[in-house]
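Let me begin by presenting the structure, written as structure tokens, before commenting on it.
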Amino acid sequence: MGTLAYTLRDTAIRLAEVSTTPRLDAEFLAAHALGLERSAMLLRLTDLDTPPDLAALTQRRLRHEPVAYITGRQAFWDLDLVVTPDVLIPRADSETLIEVAIDHFKATTALGQVGPARILDLGTGSGALLLACLSAFPEASGVGIDASAAALAVAQANAARLGFAARLHWLHRSWINADWSDDLGRFDLIISNPPYVETDADLDPMVADYEPHSALFAGSDGLDDYRILVPQLASMLSPGGIAIFEIGHSQADAVSDLASNAGLSTEMRRDLAGKPRALRFSLGIGGMNG
Ligand code: GLN
């Protein structure tokens, strides 16, 4: 034990074995053990003592458990979300989808059209994408679908905590069933981060051993869920509506082909690391672009 400044340094050195962000991890774990926000802790580093629980939390991280599951929190867009092992941990990569949505509707608003009124999130998990959209588009209401009841409970709790519950509707259903979308109506914005990892992909143990496999894996080429969903999008979009899907960085061509076979045009957006990360589908003429 001893001063926190020293312990953080020591903890970060140990976490470097399992993490690419060891100092940040150490800070989040210590702040969690202290019951403080990380920023508040950092301002008081020299007068805080090492919290007794930090050693146990560090041991968990050394066994590859993600920080977000240890602390139960993850920041996404402008939101502070609760996460549990029932949901995929929201990633900064996925914020690319929110940027695409905002850019699209900013452009149409300039043409005198309104933002999205109805938003659908396919495989909502923690609710990250849908809640970020409601935050970005104050006039919109949303429907979140997930095949996992446990995930929906997390999404619902996040919506309630953040004050979005009245604008949302949650449905426990799976697109494996043919009639899953019959009663949904049409949407101005459909957003999705479906499972897209190849079944035999060599994932980091932090992901493979802790995150829900149903949210990750999608068949031998990772395209199973796109094959089901993309052909159905045209009949679910309102006139002028768009769908924005996250993709694995090597899947842009394959998923764009599915879209063009379904009569959709596609535009690709890269994430901050420069990797293809989001595809925007719209009705109408034109091919892949970008
Ligand atoms: N981006 C996640 C990963 O590779 C996968 C998310 C997903 O399958 N939708 O860790």
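Count residues from 1 along the sequence. Order of listing sets the numbers, starting from 1, for every ligand and every atom in it. From a predicted model like this one, the values you see are computed outputs, not experimental measurements.
Of the N and O atoms on the side chains of Ser282 and Ser265, at least one donor lies less than 3.5 Å from an acceptor on the other residue. Using modelled atom types and a 3.5 Å distance limit, the side chains of Ser19 and Asp25 yield a donor-acceptor pair.
Look at Asp80 and Arg161 and you find a salt bridge, because one of the NZ, NE, NH1 or NH2 atoms lies within 4.0 Å of a carboxylate O, short of that distance.
Contact shell of ligand 1 (protein heavy atoms, cutoff 4.0 Å): Leu88, Arg91, Asn193, Pro194, Pro195, Tyr196, Val197, Ala215, Leu216.
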- Begin from the C-alpha positions of Gln251 and Tyr196 and carry the test side chain to side chain donor-acceptor pair (under 3.5 Å) through to its verdict. CA-CA 9 Å; Gln251 295 171 328; Tyr196 58 69; over 6 Å; no

Take Ser220 and Thr199, measure what side chain to side chain donor-acceptor pair (under 3.5 Å) needs, and give me the verdict at the end. CA-CA 5 Å; Ser220 58; Thr199 314; 5.9 Å; no

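Partners of Ser238 according to the side-chain hydrogen bond (donor to acceptor under 3.5 Å, both in side chains) rule, which considers only residues two or more places apart in sequence or in another chain, are Asp188.
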